[in-house]
**Q** 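For reference, the structure I am asking about is given below.
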Amino acid sequence: MGRRIVPSENLGLHLDPPVFQVAIKWWLGLDTSEGSQCALCPGSTLDHLGHHAVTCKYGGDVVTRHNRIRGILVETCRRAHIGVKVEVGNNLSRDHSKTRPADILLPNWFLGRTAALDVSITSPLNPVTLLEAGVSATAAAQATEARKHQADDPKCSELGWVCVPMVVETYGAWGKEATAIISSVASRLATSTCRPKSTILHEIYGQIEAGSGLDVEGSRTRPADILLPNWEFGKPAALDFTITSALNPSTLNEASVMAGFAASAAEIRKHVANDEKCSRLGWVCIPLSVETYGCWGEEAGRCLDRLATRIATRTGCPKSSAVSGLYGRLSIGLIRANARALLARSSSLS
């Protein structure tokens with residue numbers, strides 16, 4: 001069913017002219033590539049319908065993951081009533097160095113000194129640390145901690161700060177210094193909330209696992225982009241977003257005769273991958289699957305309908321308005337991302 005969306009800039013429901021033009025061209029099935037190469041992964045040719053462009057794995061994932069971990073740590077510190085500052089240190093030293101030793105700054109943390117937490121994600125498969133990581137757990141994290149100290153200690157010392165690298169490996173193992181900080185934050189949060197520290201630690205690591213693609217238990221799967229506590233029968237809901245293309249060769253034949261088939265297939269894949277882990281964590285797995293052309297999966301539809309009901313109840317607006325507004329913002333976000341993907345990968349559209 002079509003939805004009318006008011007192009008409100010204040011509501012985030014607008015498209016810049018270049019993005020709008022590419023979105024319309026792509027939406028109508030017109031050629032958006034003209035046989036050009038993907039600018040982000042050389043050697044890959046763009047297809048004329050934009051399938052590669054809107055499903056390409058290259059982009060800002062590393063930055064997004066870093067910022068998610070930082071955000072979770074900042075939010076946890078604030079819940080524990082710990083004052084925090086974010087992204088501090090640039091141009092503060094005498095030499096006006098551009099380095100920034102603090103993703104998170106904790107004033108009066110250690111013996112009256114300020115702690116500069118520098119979040120870093122490293123891979124144990126890096127050739128530099130591969131041999132050591134093969135025989136010693138967290139070898140890659142320890143090596144990164146050493147590099148961070150070498151790079152940041154002089155500047156932190158000059159500013160009167162204590163450098164604390166918050167290093168985690170891509171497989172989920174945390175460095176010793178990061179573990180100590182998280183334990184201290186958990187202790188403070190346990191004291192302020194009168195809850196067991198073990199429960200707090202489980203929640204902190206669970207949030208990081210859910211939001212960053214890392215798994216403190218060692219698994220590389222991440223069943224929750226968003227975790228909703230007490231969603232269904234008192235159980236948390238693990239919402240896992242996935243965007244799939246109806247032009248994918250594996251579902252193309254079925255998708256051509258059945259609307260929403262690609263989204264349904266993506267839901268099944270998500271359940272196969274995540275149900276066991278979610279069950280182990282006491283969560284309900286809910287795939288939020290949407291096709292690149294805007295068709296949502298059935299489970300996503302039910303979840304969004306329930307969210308709209310809650311919005312309508314809390315705001316007093318009609319449910320139809322809540323539904324329209326929710327789908328409107330999501331649709332504009334999807335169209336904008338698709339169009340930008342096309343613009344980034346094809347010089348003919350710039």
Side-chain angles (χ1 to χ4, degrees), residues 1-7 11-15 19-33 46-57 59 223-226 228 237-275 284-312 319-345:
M1 181 177 68
R3 302 181 189 277
R4 296 180 179 179
I5 302 172
V6 179
L11 296 176
L13 301 179
H14 73 292
L15 296 173
V19 174
F20 178 77
Q21 293 168 13
V22 175
I24 291 297
K25 190 174 183 180
W26 172 75
W27 195 272
L28 294 176
L30 303 178
D31 193 349
T32 57
S33 67
L46 297 174
D47 59 286
H48 73 285
L49 290 177
H51 169 64
H52 173 82
V54 298
T55 59
C56 181
K57 303 299 182 182
D225 288 304
I226 299 176
L228 303 179
L239 309 187
D240 191 0
F241 285 101
T242 182
I243 302 174
T244 187
S245 173
L247 301 177
N248 191 307
S250 64
T251 57
L252 181 59
N253 290 336
E254 296 84 351
S256 64
V257 296
M258 184 184 301
F261 182 86
S264 297
E267 287 180 337
I268 293 173
R269 289 195 301 271
K270 286 294 184 180
H271 277 297
V272 171
N274 295 332
D275 275 355
V284 178
C285 175
I286 303 180
L288 294 184
S289 175
V290 60
E291 297 180 4
T292 49
Y293 284 105
C295 182
W296 288 85
E298 291 185 9
E299 293 187 69
R302 289 194 295 269
C303 183
L304 294 176
D305 182 78
R306 188 169 173 179
L307 286 173
T309 300
R310 295 195 179 190
I311 292 172
K319 180 180 175 180
S320 59
S321 298
V323 170
S324 177
L326 180 57
Y327 275 102
R329 294 186 66 184
L330 291 170
S331 298
I332 287 294
L334 180 64
I335 294 170
R336 183 186 292 115
N338 288 337
R340 285 175 176 169
L342 294 163
L343 282 170
R345 289 162 174 80

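In this text, all values refer to a predicted model and were calculated from it rather than measured experimentally.
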**Q** Determine whether R310 and R306 make a side-chain contact, defined as any pair of heavy atoms from C-beta on separated by less than 4.5 Å.
**A**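 In short, these two side chains touch, coming nearer than 4.5 Å.
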
**Q** Output yes when a side-chain donor or acceptor of S331 lies under 3.5 Å from a complementary backbone atom of G328, and no otherwise.
**A**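 Absent.
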
**Q** Begin with the C-alpha distance, continue with both residues' side-chain angles, and end with the deciding distance and a verdict on side-chain contact (heavy atoms from CB on, under 4.5 Å) for R269 and T244.
**A** CA-CA 11 Å; R269 289 195 301 271; T244 187; 4.0 Å; yes

**Q** If you compare all heavy atoms of L326 against all heavy atoms of L304, which two are closest, and at what distance to 0.1 Å?
**A**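 Minimum heavy-atom separation between L326 and L304: CD2-O, 3.5 Å.
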
**Q** Provide the closest heavy-atom pair for E291 versus A246 in the form atom of the first, atom of the second, distance.
**A**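 Of all heavy-atom pairs spanning E291 and A246, the closest is OE1-CB, 3.8 Å.
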
**Q** Is any side-chain heavy atom of T242 less than 4.5 Å from a side-chain heavy atom of E267?
**A**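 No, their side chains stay 4.5 Å or more apart.
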
**Q** Provide the closest heavy-atom pair for S289 versus A263 in the form atom of the first, atom of the second, distance.
**A**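 What the structure gives for the nearest pair is OG-O, 3.1 Å.
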
**Q** First locate atom CD of Q21, then atom CG of L342, and finally report the distance between them rounded to the nearest 0.5 Å.
**A**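 Here the interatomic distance stands at 13.0 Å.
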
**Q** If you look at every heavy atom in Y327 and G301, which pair is closest and at what distance?
**A**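 Residues Y327 and G301, closest heavy atoms: OH-CA, 3.6 Å.
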
**Q** State, to 0.1 Å, how close G260 and C295 come at their nearest heavy-atom pair, and which atoms those are.
**A**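 Where G260 meets C295 most closely, the heavy atoms are CA-SG, 3.6 Å.
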
**Q** Indicate yes or no for a side-chain donor-acceptor contact from E299 to the backbone of I286 under 3.5 Å, with no hydrogens or angles considered.
**A**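 Flag not set: sc E299 to bb I286 has no pair under 3.5 Å.
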
**Q** Taking all heavy atoms of A262 and all of S245, pick out the closest pair and write down the distance.
**A**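 Looking at all heavy atoms of both residues, the shortest contact is CB-O, 4.0 Å.
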
**Q** I'd like to know whether Y293 forms a side-chain contact (heavy atoms from CB on, under 4.5 Å) with N338, so could you lay out the CA-CA distance, the side-chain angles of the two residues, the decisive distance to 0.1 Å, and finally the verdict.
**A** CA-CA 9 Å; Y293 284 105; N338 288 337; over 6 Å; no

**Q** So L288 and K270, side-chain contact (heavy atoms from CB on, under 4.5 Å) or not? Walk me through it.
**A** CA-CA 9 Å; L288 294 184; K270 286 294 184 180; over 6 Å; no

**Q** Can you tell me how far CD1 of I226 sits from SG of C303, rounded to the nearest 0.5 angstrom?
**A**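 The CD1 atom of I226 is 8.5 Å from SG of C303, to the nearest 0.5 Å.
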
**Q** Roughly how far, to the nearest 0.5 Å, is the CG atom of L334 from the CD1 atom of I243?
**A**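 It comes to 5.5 Å.
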
**Q** Which distance, rounded to the nearest 0.5 Å, do you find between the CG of N248 and the CD of E254?
**A**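 Answer for the CG-CD pair, N248 versus E254, is 10.5 Å.
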
